[in-house]
Amino acid sequence: MTKKGRVFSGARPTGRQHLGNYLGAMRNYVALQAEYECIYCIVDLHALTTMETTQELRQNTYDMALDWLAVGIRPDDSIMFIQSHVPQVTELHTILSMVTPLGKLTDLPTFKEKVRQQPNNINYGLVGYPVLMTADIVLYKAGLVPVGVDQAPHLEFARETVRSFNYRYNTTALIEPAMKITEVPKVLGIDGQQKMGKSLNNHIELASTPEETRQRVMSMVTDPQRLRRTDPGNPDICNVFSFHKTFSPAEEVAMINRECRIAGIGCVDCKKRLAANLNLHLEPFRAYRAELDQRPEEVWEVLYDGARRARTIAEATMVEVRAAIGLPEKKE
Ligand code: SF4
């Protein structure tokens, strides 16, 4: 089937993935493969801008790749690789940094936010983060980048950088990526308050055992107004119900929606049902993941092969970029 175009997306190596990662990105990654040529990158260099220790970097990279494959990324079809395995990205990053005004980078809200978060580690890489991100995208001539509305300014920055480069060197070597605005649901953690994330330990990992998953679900915060079993609840403000809407059959969702409001179902029962449905949903994923995990060398080979294919595209772009600038030709 002819694909509509090329999509690029990257994610930091955060290790074993959780439901927030799944609903926010991975599910979409899998779906996009039907219509687009997809390039999915584990951005380990980006991770270094905020990382204090790197001992777990390798394992986290492997675990994330394993989860991506288990959930349905097809390596024969899509390119899946590690950012640092394509050195051309750092070359393009350097080149693009020359057409990027420093003030534009330090004015970005995301940079200011990072300064607040890690005032003692304002490194040079952190300032240039959006330039590296631009290099990631344009190196592969990706026409489309799936982004949530909140990430739209980053992509606009990438588009402006491409325009600056092409204008400065009077070329069309780089193409402006278009945004594919994707509805990214805000997935709350089991605390029902904050976005699901590992650092807050409010997450549910996809690869958890059924029992671990059940325990996490049973500790979920529900409608805070519903104090007793006999109190009517409000599913509209209950995080447990949000997950039911994604993972439970429609008739069960309708029943909970009705019965919760008249205290016809208790929260314990409601959570048990969610845990059962969630485990059912994750069963095939876990089985495939465990099977893949028996052969770690194959998982690494997927990443190495992805990097080989990515480097071919990247080098072709860099030949054009170097020629457009007028850099002396390279000979191996
Ligand atoms: S019954 Fe279910 S939907 Fe209603 S408040 Fe309890 S956990 Fe939430």
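As the structure lists them, so they are numbered: ligands from 1, and atoms in each ligand from 1.
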Fill in: Numbered atoms of ligand 1 (with element) below 4.0 Å of T222, judged on heavy atoms
7 (S)
Worksheet entry | atom 8 (Fe) of ligand 1 reached by C267 (N, O or S, under 2.8 Å) | no
Worksheet entry | Nearest protein heavy atom with distance in Å, relative to atom 1 (S) of ligand 1 | R226 NH1, 3.1 Å
Worksheet item: Cationic tip of R58 within the cone over W300's six-membered ring, i.e. under 6.0 Å and within 45° of the normal?
Response: yes
Practice prompt. Return the minimal non-hydrogen interatomic distance between L155 and M133, and the atom names on each side.
Written response: N-CE, 4.5 Å
Worksheet item: Can you list the atoms of ligand 1 that are under 4.0 Å from a heavy atom of C238?
Response: 3 (S), 5 (S), 7 (S), 8 (Fe)
Worksheet entry | Ion pair check, E176 and R159, cut-off under 4.0 Å | yes
Worksheet entry | Residue and atom name of the nearest protein heavy atom (relative to atom 2 (Fe) of ligand 1), distance in Å to one decimal | C270 SG, 2.4 Å
Worksheet item: Counting backbone and side chain alike, does H244 bring an N/O/S atom below 2.8 Å of atom 2 (Fe) of ligand 1?
Response: no
Worksheet item: Judged by modelled atom types alone, do Y40 and S78 share a side-chain donor-acceptor pair under 3.5 Å?
Response: no
Discussion item. I'd like to know whether T171 forms a side-chain hydrogen bond (donor to acceptor under 3.5 Å, both in side chains) with N166, so could you lay out the CA-CA distance, the side-chain angles of the two residues, the decisive distance to 0.1 Å, and finally the verdict.
Written reply: CA-CA 5 Å; T171 178; N166 285 350; 4.9 Å; no
Worksheet item: Taking both backbone and side chain into account, is any N, O or S atom of C260 nearer than 2.8 Å to atom 4 (Fe) of ligand 1?
Response: yes
Discussion item. For a 4.5 angstrom cut-off between non-hydrogen side-chain atoms, does Y62 reach P296?
Written reply: yes
